[in-house]
Amino acid sequence: MIDIVHSKSGSSVSIHPFGATIISYKSSGGENLFVSRLSKLDGSKAIRGGIPIVFPIFGPPPKDSGSTMPQHGFARNNMWKVKEGSQHDSDSHAGVTLTLDLADASKGRGGNNIWSESDAKTGATSCQLIFEVKVDNEALSTTMIVQNTGSDAFDFNCLLHTYYAVEGKAAQDPKQCYAKGLQGYSIIDKVRGVSGEICGEDPVDLTAGAVDSVYMAPEGKMAVNVEVGVGGGRTVKMEAFGTIDDKPVPASCVVWNPSAEGAAGMGDFGDDQYQEMICVEPGILGDQPALGPGKKASLTQLIFA
Ligand code: BG6
């Protein structure tokens, strides 16, 4: 485990090297992240909770692609390395940087896709992933950087799959648990199978049962800003923004909660724990410009808690 403490404020972060998954972020209000009590932490499965990194695909591979890459890609299924000398604790903040080279990603690439081991040997598709984590008295800052180290451009999606802890089992109480700030975003509702509705002024809550919706930014909107109600009278503010080849791209956001039924179907999630979490996941999703050789993309998420 990599433990980062900002001595000046007492805020701290714990990062599991498997997936570079942040599994704890404590600020003055206490723990902000949810981790399932049944989560595997032994590298046999992606960690169920905290902030798993989703790359290069979001969800399952495209239908009919023949790809056998597992859902949400390989970034969360491999051991990352701490960049030598990157761990620090100064007055302004504490932090660390982790990296994953495609060559070290032995799991989760599947077959029949540009990332599969047999295809990647040619060096056509290759990347280095860099994850910069910083914590100070007011926020946790996480930036994932995708560096194209191959000779071909590639398309990708990426996302920081943040599981917030909701105090008092209050996730289904709309007064206490919600995501506010997505008005005007176009909704892909994966539960109802409906796309294209526009999110209104009302906060998104979890009263409808299972919630699994992607919110795509309206024209011209780049950064996403969401207030998340996390129970116990507390809110956290999230801001996220991304770039491809140094040009801003719109940040989308996913809201997810499996409900009682979905929880019962997951081996690594307690039956009652859907009441203790809300996922609010910023990402670079949908059709975005391809990332050319030698170019980089970035996704930053700031959590003010
Ligand atoms: C969300 C997806 O981001 O992650 C959901 O929108 C998915 O469809 C959820 O169920 C959890 O995914 P996984 O692979 O960690 O079980």
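Keep in mind it's a predicted model, so treat the numbers as computed, not measured. The figures here come from the full heavy-atom set of this structure, side chains too, leaving out hydrogens, waters and symmetry mates.
Residues L41 and H16 have side chains in contact (heavy-atom distance under 4.5 Å, counting atoms from C-beta outward). The side-chain heavy atoms of V214 and V255, taken from C-beta on, include no pair separated by under 4.5 Å. For the pair D246/K296, a side-chain contact is recorded, criterion being any heavy-atom separation below 4.5 Å from C-beta on. F131 has its side chain out of reach of T97: every pair of non-hydrogen atoms, C-beta onward, lies at least 4.5 Å apart. For the pair Y185/I198, no side-chain contact is recorded, criterion being any heavy-atom separation below 4.5 Å from C-beta on. The shortest distance between side-chain heavy atoms of N157 and I57 does not fall below 4.5 Å. Looking only at side-chain heavy atoms (C-beta outward), C279 and N257 stay at 4.5 Å or farther from each other. With contacts defined as side-chain heavy-atom distances shorter than 4.5 Å, the pair L98/I2 qualifies.
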H93 and V135: side chain to side chain contact (heavy atoms under 4.5 Å, CB included), yes or no, with the steps? CA-CA 6 Å; H93 65 271; V135 63; over 6 Å; no
With side chain to side chain contact (heavy atoms under 4.5 Å, CB included) as the test, would you mind laying out the steps for T235 and V230 before giving the verdict? CA-CA 6 Å; T235 57; V230 293; 5.8 Å; no
List the steps, then state whether side chain to side chain contact (heavy atoms under 4.5 Å, CB included) holds for C253 with M238. CA-CA 11 Å; C253 191; M238 183 276 281; 4.1 Å; yes
What verdict does the side chain to side chain donor-acceptor pair (under 3.5 Å) test give for S186 and E197, after you've listed the backbone C-alpha separation in whole Å, the side-chain angles of each residue and the deciding distance to 0.1 Å? CA-CA 6 Å; S186 171; E197 289 174 357; over 6 Å; no
If you apply the rule side chain to side chain contact (heavy atoms under 4.5 Å, CB included), what do you find for T21 with I15, and how did you get there? CA-CA 6 Å; T21 313; I15 308 165; over 6 Å; no
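Checking side-chain atoms of Q147 against main-chain N and O of G294 turns up a donor-acceptor pair under 3.5 Å. Put simply, the side chain of N148 gets close to the backbone of L291: a donor and an acceptor are under 3.5 Å apart. S36 places a side-chain N or O within 3.5 Å of a backbone atom of L38 that can act as its donor or acceptor partner. With hydrogens and angles disregarded, no donor-acceptor distance shorter than 3.5 Å links the side chain of H6 to the backbone of D89. A donor-acceptor contact shorter than 3.5 Å is absent between the side chain of D101 and the backbone of A103. Checked by atom type and distance alone, the side chain of E31 pairs as donor or acceptor with a backbone atom of Y25 at under 3.5 Å. Counting only distance, with no hydrogens or angles, the side chain of R48 and the backbone of R37 share no donor-acceptor pair below 3.5 Å. Side-chain atoms of S141 do not come within 3.5 Å of backbone N or O of K134 as any donor-acceptor pair. A distance-only check finds a donor-acceptor pair linking the side chain of N78 to the backbone of K107 [under 3.5 Å]. Between the side chain of S44 and the main chain of D42, no donor-acceptor pair closer than 3.5 Å is present.
For the atom pair E239 CD and T300 OG1, the distance stands at 9.5 Å (nearest 0.5 Å). In this structure, OG on S90 lies 9.5 Å from NZ on K8, to the nearest 0.5 angstrom. Distance check, rounded to the nearest 0.5 Å: CG of L140 to CD1 of I22 gives 5.0 Å. S11 OG to K26 NZ: the interatomic distance, rounded to the nearest 0.5 Å, is 11.0 Å. Atoms CZ and CG, on R76 and L100 in that order, are 14.0 Å from each other to the nearest 0.5 Å. To the nearest 0.5 angstrom, C127 atom SG is 12.5 Å from I145 atom CD1.
Residues passing the side-chain contact (heavy atoms from CB on, under 4.5 Å) test with Q288 are I244, V249, P250, I284, sequence neighbours excluded.
Contact record, T68 with G111: OG1-N, 2.6 Å, taken as the closest heavy-atom pair. For the residue pair V280 and Q301, the shortest heavy atom distance occurs at O-OE1, 4.2 Å. Taking each heavy atom of S195 and I188 in turn, the nearest pair found is OG-CG2, 3.7 Å. The minimum heavy-atom distance between A139 and D136, with the atom names listed, is N-OD1, 2.8 Å. Between A264 and D271, the shortest heavy-atom contact is CA-OD1, 3.7 Å. Listed here is the closest heavy atom pair of S67 and N113: OG-ND2, 3.4 Å.
If you run side-chain contact (heavy atoms from CB on, under 4.5 Å) between Q273 and each of M277, E276, Q275, only E276 comes through.
Annotation: K295, atom NZ; neighbour count of heavy atoms from other residues, nucleotides and ligands within 6.0 Å does not exceed 12.
Listed by first and then second residue, the ring-ring contact (aromatic ring centres under 6.0 Å, His included) pairs that reach into residues 260-296 are F34-F269, sequence neighbours excluded. Within the structure, every pair that satisfies the side-chain hydrogen bond (donor to acceptor under 3.5 Å, both in side chains) test and touches residues 211-233, not counting sequence neighbours, is listed here: Y178-E227.
The aromatic rings of Y163 and H161 lie parallel to each other, with less than 30° between the two planes, well short of the 60° mark.
Separation of the W115 and F55 ring centroids falls under the 6.0 Å cut-off.
Between K81 and D104 there is a salt bridge, since at least one side-chain N of the basic residue sits less than 4.0 Å from a carboxylate O of the acidic one. Between D268 and K45 a salt bridge is recorded (basic side-chain N to carboxylate O distance below 4.0 Å). The pair K247-D245 counts as a salt bridge, with a side-chain nitrogen and a carboxylate oxygen less than 4.0 angstrom apart.
The hydrophobic cluster containing V236 also contains V13, counting ILVMFWY residues as joined when their side-chain heavy atoms lie under 4.5 angstrom apart, directly or transitively. Under a hydrophobic clustering in which Ile, Leu, Val, Met, Phe, Trp and Tyr are joined whenever their side-chain heavy atoms come within less than 4.5 Å, directly or via other members, L285 and F156 fall into different clusters. Following chains of ILVMFWY side-chain contacts shorter than 4.5 Å, one can reach I53 starting from V224, so the two form part of one hydrophobic cluster. Linking ILVMFWY side-chain heavy atoms closer than 4.5 Å, directly or via other members, places I303 and L159 in two distinct hydrophobic clusters. In the hydrophobic clustering of ILVMFWY residues, with side-chain heavy atoms under 4.5 Å counting as a link, L299 and L33 come out together.
Summarising the hydrophobic clusters (Ile, Leu, Val, Met, Phe, Trp, Tyr; side-chain heavy atoms under 4.5 Å, direct or chained), the residues clustered with F241 are L302, F304. Side-chain heavy-atom separations under 4.5 angstrom define the hydrophobic clusters, and V194 shares its cluster with no other residue.
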Check residues 199-208 and write down every donor-acceptor pair under 3.5 Å in which the side-chain atom is one partner and the other belongs to a residue at least two apart or another chain.
residue: D205; atom: OD1; partner: T207; partner atom: N; Å: 3.1
residue: D205; atom: OD1; partner: T207; partner atom: OG1; Å: 2.6

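Defined by atom type and a distance below 3.5 Å, a donor-acceptor pair is present between the side-chain atoms of N32 and S27. Residues T243 and S298 bring a donor and an acceptor atom of their side chains to less than 3.5 Å of each other.
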